[in-house]
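We use all heavy atoms of the structure for the numbers below, so side chains are in, but hydrogens, waters and symmetry mates are not.
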Amino acid sequence: MKTEYNNTDEQIISMLTPKVEVKPSADLRERILAAAAEQTGASQAEASQAEVKPHRNRISYWIGAAASVAAVVAIAITFTLNSPAYAARKYFSQALIVMQEAKTMVLKGSIRTKPDEPIDYIDPRADFIPATIKVIYDEPMLWSIEKKEGRTLLYKGGEYVYQWIGNKDSNVGWKCQHAGFVGDDLEVMLNPRLLLEAEHRTAERNKGANYEVLDVGELIIVRVTTKAQGNFSESDYMLNTSLAEANTFREYSFAKDSGMLYKLRIAIMVDDKPVTILESESIDYNTPLTAADLYDKGLFDKISFVDMEPNVEPSSPLVGIKADEAAEIILKAMQTWDSEILNTAMFYFKGDLMKVVEARYKGLEVKSIGKPFSSGLYPGKFIKCKVTMPDGSKETLVLALRNDNKQRVWVVDGGL
């Protein structure tokens with residue numbers, strides 16, 4: 001089965017596909033050789049008893065050698081065909097074929113997260129938050145992801161993807177170019193074909209994952225264990241904060257009669273124990289949906305959306321410097337609340353959000369700026385900063401700074 005995906009979808013699939021090769025089990029070679037020996041045991045025994053002939057026919061030698069190699073290869077292939085990875089690949093492939101016919105999807109479930117955090121944020125210590133995903137598989141695909149009384153992500157056609165927080169009396173949201181939007185982890189839930197394709201490719205290459213396949217009544221359950229993606233060589237700070245950046249245990253339930261994905265559960269491994277992070281309660285396909293059904297238009301029309309792409313002068317002091325230097329400039333600007341610098345650095349914090357930050361941090365004193373470090377898949381840097389708050393209390397902030405925008409200006413992405 002060969003399916004073509006656009007560049008954005010390929011990026012998502014790649015993000016979900018483990019990059020680490022799994023080494024074969026220590027006894028695989030011995031098992032194959034033992035099986036081969038069992039198959040050819042009689043002829044080997046006869047050969048050991050036969051008189052050794054000094055002038056063995058070379059043609060017979062090569063035929064015999066080829067036969068032995070073929071036996072070993074055949075048994076190796078048999079091991080592969082009978083492996084859980086091969087069986088898992090078959091079910092992922094069947095589900096992919098069936099899902100090509102889906103016109104809409106409504107997935108309802110629960111996620112361990114915080115309502116106001118970005119859509120991809122997870123926290124194994126958090127309570128479950130109900131979430132709903134609605135998708136219209138059209139050209140282009142229209143969709144929404146909504147945490148109950150929390151953050152909503154919407155694409156209703158046109159140029160932009162929109163995002164806002166629905167549980168606050170705020171009139172500010174964010175928008176970014178749809179063409180450049182590779183959604184956070186949960187965007188793959190918009191189109192389970194991408195998740196299934198990533199699993200299919202992983203099973204096909206047999207890298208980075210372990211498999212278990214169970215036949216349970218009317219369902220086939222495929223369990224996949226994968227390693228966290230991203231760079232954790234400097235710090236594990238981002239470990240278990242998103243599905244891609246976690247050691248996960250994913251469980252897919254397929255309807256035996258149709259091959260359709262019926263249920264999805266994703267857990268992350270914490271202290272070698274699985275903690276369920278996301279679990280679907282229902283997945284309904286081909287439910288009648290229109291673009292108007294994806295969101296609350298009355299609420300949407302009240303929100304002023306800020307473009308996520310900063311637009312600053314090249315002379316900005318936050319361009320062309322290191323992350324720790326940017327952190328120091330930004331924190332010192334908070335001491336006097338230098339709006340010229342902070343309007344750039346706090347680009348994502350507009351309107352009411354900026355007022356909240358100002359009320360809390362204006363007048364702080366910087367005590368130390370740590371060394372920037374990378375963690376996971378985050379495209380920017382983290383900097384641990386010790387400050388004295390306006391009320392005299394001591395705090396340690398871990399600022400998230402990124403400059404992966406067109407103008408390479410450092411902006412605050414989190415940590416406040």
Side-chain angles (χ1 to χ4, degrees), residues 106-135 142-178 180-190 238 241-243 277-278 291-310 342-362 378 380 397-402 405 411-416:
V106 177
L107 186 153
K108 295 182 179 180
S110 298
I111 307 168
R112 287 191 190 274
T113 184
K114 295 177 182 178
D116 296 350
E117 292 288 351
I119 290 294
D120 69 329
Y121 178 83
I122 60 172
D123 184 347
R125 300 162 299 181
D127 293 331
F128 278 106
I129 300 293
T132 301
I133 298 170
K134 299 177 183 178
V135 190
L142 310 179
W143 46 267
S144 66
I145 308 177
E146 179 182 0
K147 296 182 187 180
K148 185 178 180 181
E149 298 183 347
R151 195 174 290 237
T152 295
L153 195 64
L154 167 72
Y155 179 64
K156 60 186 182 67
E159 188 178 0
Y160 291 102
V161 172
Y162 298 91
Q163 194 168 169
W164 67 92
I165 299 175
N167 68 336
K168 294 188 180 295
D169 187 19
S170 173
N171 61 351
V172 176
W174 307 269
K175 64 181 181 180
C176 64
Q177 294 283 333
H178 179 264
F181 180 76
V182 179
D184 301 310
D185 284 352
L186 292 186
E187 191 192 353
V188 299
M189 304 308 165
L190 300 171
M238 290 297 287
T241 60
S242 72
L243 296 179
I277 289 296
L278 180 151
D293 298 321
L294 299 177
Y295 66 110
D296 182 339
K297 188 176 185 302
L299 175 61
F300 180 88
D301 290 343
K302 295 177 182 178
I303 297 173
S304 175
F305 289 95
V306 177
D307 197 315
M308 294 285 281
E309 184 62 44
L342 294 177
N343 284 342
T344 296
M346 311 278 294
F347 182 80
Y348 299 144
F349 297 74
K350 297 293 185 180
D352 294 342
L353 289 176
M354 183 67 100
K355 293 177 183 177
V356 171
V357 176
E358 181 179 1
R360 176 166 173 75
Y361 292 100
K362 181 179 179 180
Y378 184 64
L397 308 176
V398 182
L399 289 183
L401 300 182
R402 62 194 300 167
N405 46 70
V411 295
V412 179
D413 195 32
L416 296 176

Heavy-atom side-chain proximity of Leu397 to Tyr361 below 4.5 angstrom: yes
From Ile165 atom CD1 to Glu149 atom CD, the distance as rounded to the nearest 0.5 Å: 13.0 Å
What are the two closest non-hydrogen atoms of Thr344 and Val411, and how far apart are they? O-CG1, 3.5 Å
Which heavy atom in Glu117 sits nearest to a heavy atom in Arg151, and how many Å separate them? O-NE, 3.1 Å
What's the verdict on side-chain contact (heavy atoms from CB on, under 4.5 Å) for Val161 and Trp143, showing C-alpha distance, side-chain angles and the deciding distance? CA-CA 10 Å; Val161 172; Trp143 46 267; 3.8 Å; yes
One pair to check against side-chain contact (heavy atoms from CB on, under 4.5 Å): Thr152 and Ile145. What are the steps and the verdict? CA-CA 6 Å; Thr152 295; Ile145 308 177; over 6 Å; no
Report yes if the side chains of Glu146 and Leu154 come closer than 4.5 Å at any heavy-atom pair, otherwise no. no
Rounded distance (nearest 0.5 Å) linking atom NZ of Lys148 with atom OG1 of Thr132: 9.5 Å
Quick one: OG on Ser110 to CD1 on Ile277, what's the gap to the nearest 0.5 Å? 11.5 Å
Can you tell me how far NZ of Lys362 sits from CG of Leu342, rounded to the nearest 0.5 angstrom? 10.5 Å
Below 3.5 Å, can you tabulate the donor-acceptor pairs from side chains in residues 291-300 to any protein atom, sequence neighbours excluded?
from, atom 1, to, atom 2, distance (Å)
Asp293, OD2, Thr290, N, 2.8
Asp293, OD2, Thr290, OG1, 3.1
Asp296, OD1, Gly298, N, 3.1
Asp296, OD1, Leu299, N, 3.2
Lys297, NZ, Asp301, OD2, 2.7

Report the distance from atom CG of Leu142 to atom NZ of Lys134, rounding to the nearest 0.5 Å. 13.0 Å
Where do Phe305 and Gln163 land on the side-chain contact (heavy atoms from CB on, under 4.5 Å) test, with the steps shown first? CA-CA 8 Å; Phe305 289 95; Gln163 194 168 169; over 6 Å; no
Do we get Lys175 above Tyr160's six-membered ring, with its NZ or CZ under 6.0 Å from the centre and within 45° of the axis? yes
Nearest non-hydrogen partners of Gly173 and Ile303, listed with the distance: N-CG2, 3.3 Å
Taking side chain as C-beta onward, heavy atoms only, is Ile133 less than 4.5 Å from Val106? no
Would a distance-only check, ignoring hydrogens and angles, find a side-chain to backbone donor-acceptor pair under 3.5 Å from Lys147 to Lys114? yes
In Å, rounded to the nearest 0.5 Å, how long is the span from OH of Tyr162 to CG of Leu153? 12.0 Å
Side chains of Asp123 and Thr113, heavy atoms from C-beta outward: is any pair under 4.5 Å? no
